[in-house]
Amino acid sequence: MSYLDELNPIQRAAVINIEGPVLVIAGPGSGKTRVLTYRIAHLLEHHVPPREILALTFTNKSAREMKERIEKVVGESAQHVWAGTFHSVFARILRYEAEKIGYPSSFTIYDTDDTISVIKAIIKEMNLDTTVYNPSAVRSRISLCKSNLITPPLYRQNADMMQQDRAARKPYVVDIYEKYVARCHRSGAMDFDDLLYQLYRLFQQNPDNILDKYRRRFRYIHVDEFQDTNFLQYAILRLLVKYEGSLENVFIVGDDAQSIYAFRGATIDNILDFEKDYPTLKTFKLEQNYRSTHHIVEAANEVISYNRRQLPKTIWTDREERQKIKLLKCVTDDEEAKRVADLILEQKHRYHLPNSEIAVLYRTNAQSRKFEEHLRKINLQYRVFGGMSFYQRKEVKDLVAYLRLAVNARDEEALRRVINFPTRGISDATIDKISAIAGATNTTMWDAMMHPALDVTDRAKKSLFGFRMMVEDWQKRAASESAFKLAAEILRKSGLHELLKGDTSPEGIGRLENVNAVLDAISEFADTQNANTDPALNLVSESSLAAYLQTITLLTDADEKAEGTDYITLMSVHSAKGLEYKSVFVTGLEEQLFPSFMSLEDPKGLDEERRLFYVAITRAKEFLTISFAQNRYRFGQIRANEPSRFLEEIDLKHFDMVGGIGAARTNYQGGNREQPQPASKGASLSGNFANPRLRTMQQAASARVSAPIEASPVEALIAGVKVLHQKFGEGQIVNVEGPKDNRVATIRFKDDDMSERRIVLKFAKLQVI
DNA sequence: TGACTGTGGGTTTTT
DNA sequence: CCCACAGTCA
């Protein structure tokens, strides 16, 4: 039982507790994955059949990692453990059961882009304005509905939501939602939320007592990153675990402090409800951090103590002090990127760090550009994760749309995409007519194409017929021929290959390479899948084109393998969750950016941003560098931002004050907002929240705030005048600009290094002196 | 039908 | 700044 020796007492206690519900609250770097994998290994050692074990994760990567690690402990029986993301595991079950709820087993999965495109088409058909009904915003709302089990009829009954829509002057959202659901169903398509929602529906309706089958199948259920589950996911989980006679062998791992997906419906309530739903629950807290050195852990603790609503825990480390946190104050985003790049180079030399131990993190993907530029300049290998992924590129989506049609002709989104691409004489007008007939006769566009009532020119009819013949041929062969062979032929016969070949520009060549890469991927996919199909589940051939399409839709580019090259990682903080590096750069710590301007008004939003920052800094094992820029390009214009409020929440003693870095601090001490306070004792939901440690620096700083000042009229505030500001103290107006009702003054303050600040006079209290 | 141009809008975060 | 889309022209 050697693997048990590798666990600390608490970890071990959690692992060997193999009966009944278990909750593991796991701080960053506390060996969460280790506990999860060893627990599964432990089950296997105790002769639990691998196929009765289910492990649900949020990313393919962590699922894969978990499987690999279990395999290391127990060997090949790990192969038969079901480990995957919620979406992929559920998709697999649905693939098998779809017909019971009125979907073809070959259903298509719509990714976010597909979904937006469908919604947009619906909005246009309804003659609504796409600037009012922003397709992407409508999609978010629909998604939120689905994750909370609000169907269109329930939506209509929901006075709150209807009122919200009326107030936003978008009364037709529910109609769009309704049409969208109908259209997806007609298309034999499920979006990401459907993969959860339709499974829930299946279990609810429970045809042939199907729920029982899966309850017996999954006797041991594990959930990683439980804090990121939404209401719907929890509802499904409950259906699988909580029933008469259940052993309730459910093992969940999470950390409320790392919940960063509230924006897509994740709710911390799930952890809290869990305690209520399972009275026999055993809770284990992993509080020792094995990842990071002292200053990093302490800084993280300080930051998170400002949040309300925390489960009580104290993360600690016995790792030595090592480096303090470096803080880079930069004038521009360009300087920030340059200094980060230079520091990376220096660290590489001084500490012999390989690129793979270095990550640059940012709040928004758009920030990657500058870092790319500067890393390229000094010849450092990097890889950007996130943003436009391979499978989102137009040429790839075009080819994939053809493949989708071959598997599921009802897929309207795919049909629209390629029916006239490459062009084959089918005009937009023709497509609109087809769509109209499909709507009127309640059939698919695929069928409407050949409808006798379709009133188009003979030439168009001929083109349509030709297109249909071509696709029908592929459909017939999709079942028998190898996915690779068929895809290769589709690429040529569709005319895509020829079209791309004709473009000899560098981008054009790249596009051709991309579609060829899809073919390679299909070939590779077929090979690996054949080797590891689960015969127990009687699934349709896992190496089929359909299986491939499902896999790529659920793929994130973080899942793509690295081919042995040593690169620096550039990614958003969100995608960095669960990862660790020796040296981490957390960049763009500015108000409006991190925290994002979207979340400034809402305390809940701010708390989530703070958790995000917490996640960011806890990725670092030894070297943590935080940077901010005073000026940053945004929409092509320079904008000045203040340093992030989160910086004030870290005690100065954790910062490296060498060289020019120390000066950064003076710039934001006593920033122009209310001084932050750690969450107070007992501000809790269930009464057992953390009692955050007290802070000193902020309280000291707040003493600087002087007696209230009397605001002078805006007219009196002109260039040259000396003024007193509530927070910044004495200063002189350098310049005043902007329209009468919204004047903005540039003021140089005596305090604060004679720094210049732009102040909106409407809001600021300034007294002329 | 395709290429070009101007405009307008957009940046949170992802399965 | 960068992209997507609508509108215009050959």
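Per chain, numbering begins at 1; letters A, B, ... match sequence-line order. Predicted model, so just to flag it, every value in this text is computed and none were measured.
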Under 3.5 Å, is there an N or O donor on one side and an acceptor on the other linking the side chain of T112(A) and the base of dT15(B)? yes

Could you tell me the separation between the CZ atom of R139(A) and the C1' atom of dT13(B), rounded to a whole number of Å? 12 Å

Dump the pairs, protein N or O against N or O of nucleotides 6-10 of chain B, anything under 3.5 Å, distances to one decimal.
none

Given atom NE2 of H574(A) and atom P of dT11(B), what is their separation to the nearest angstrom? 15 Å

Output yes when at least one side-chain N/O atom of S572(A) is less than 4.0 Å from OP1 or OP2 of dT14(B), else no. yes

May I ask you to evaluate whether N365(A) reaches the phosphate of dT14(B), defined as a side-chain N or O under 4.0 Å from OP1 or OP2? yes

Assuming nearest nucleotide by heavy-atom distance, tell me which of N420(A) and A366(A) is located more 5' along DNA chain B. N420(A)

For atom CD1 of I260(A) and atom P of dT13(B), their distance in whole Å: 12 Å

Applying the ring pair (Phe, Tyr, Trp, His ring centres under 6.0 Å) criterion to H185(A), which one of Y197(A), Y180(A), Y103(A), F107(A) satisfies it? Y103(A)

By the 4.0 Å heavy-atom rule, please label Y261(A) as base, sugar-phosphate, or nothing. sugar-phosphate

Check: S599(A)/S596(A) side-chain N/O donor and acceptor closer than 3.5 Å: no

Over how many whole Å does the gap from I109(A) atom CD1 to dT15(B) atom C1' extend? 11 Å

Is it true that the side chains of Q233(A) and R238(A) contain a donor and an acceptor less than 3.5 Å apart? no

Using the side chain to side chain contact (heavy atoms under 4.5 Å, CB included) rule, pick out the option among E642(A), R645(A), R632(A), R639(A) that qualifies with E590(A). R632(A)

Base, sugar-phosphate, or nothing for F597(A), non-hydrogen atoms under 4.0 angstrom? sugar-phosphate

Treat primed atoms plus P, OP1 and OP2 as sugar-phosphate and everything else as base, then score nucleotides 3-10 of chain C 5' to 3': B for base contact with protein heavy atoms under 4.0 Å, S for sugar-phosphate contact only, - for none. S-SS----

Got a sec, which residues hit salt bridge (Lys or Arg N to Asp or Glu O under 4.0 Å) with R611(A), two or more places apart in sequence or on another chain? E608(A)

Between C1' on dT15(B) and NE2 on H87(A), what's the gap in Å once rounded to a whole number? 4 Å

Partner residues of Y614(A) under the ring-ring contact (aromatic ring centres under 6.0 Å, His included) criterion, sequence neighbours left out: none

F58(A) CZ - dT14(B) P separation (whole Å): 14 Å

Nearest-Å distance for atom pair NZ/C1', residues K577(A) and dT14(B): 10 Å

D111(A) versus T553(A), side-chain donor and acceptor atoms under 3.5 Å: no

So which of residues 422-435 of chain A are in contact with DNA chain B, with a heavy-atom cut-off of under 4.0 Å? T423(A), G425(A)

Please determine, by modelled atom types, if E413(A) and Y110(A) share a side-chain donor-acceptor pair under 3.5 angstrom. no

Nearest-nucleotide wise, let me know which of T57(A) and E609(A) is further upstream toward the 5' end of DNA chain B. E609(A)

Side-chain donor-acceptor pair under 3.5 Å between D411(A) and S187(A), yes or no? no

Using the test side chain to side chain contact (heavy atoms under 4.5 Å, CB included), find all partners of A620(A) that sit at least two apart in sequence or belong to another chain. I296(A), V584(A), L624(A)

Taking the six-membered ring for Trp, is the centroid-to-centroid distance between F58(A) and H87(A) below 6.0 Å? no

Rounded distance (Å) that lies between atom C1' of dT1(B) and atom CZ of F421(A): 12 Å

Are Y261(A) and F263(A) an aromatic pair, judged by ring center distance below 6.0 Å? yes

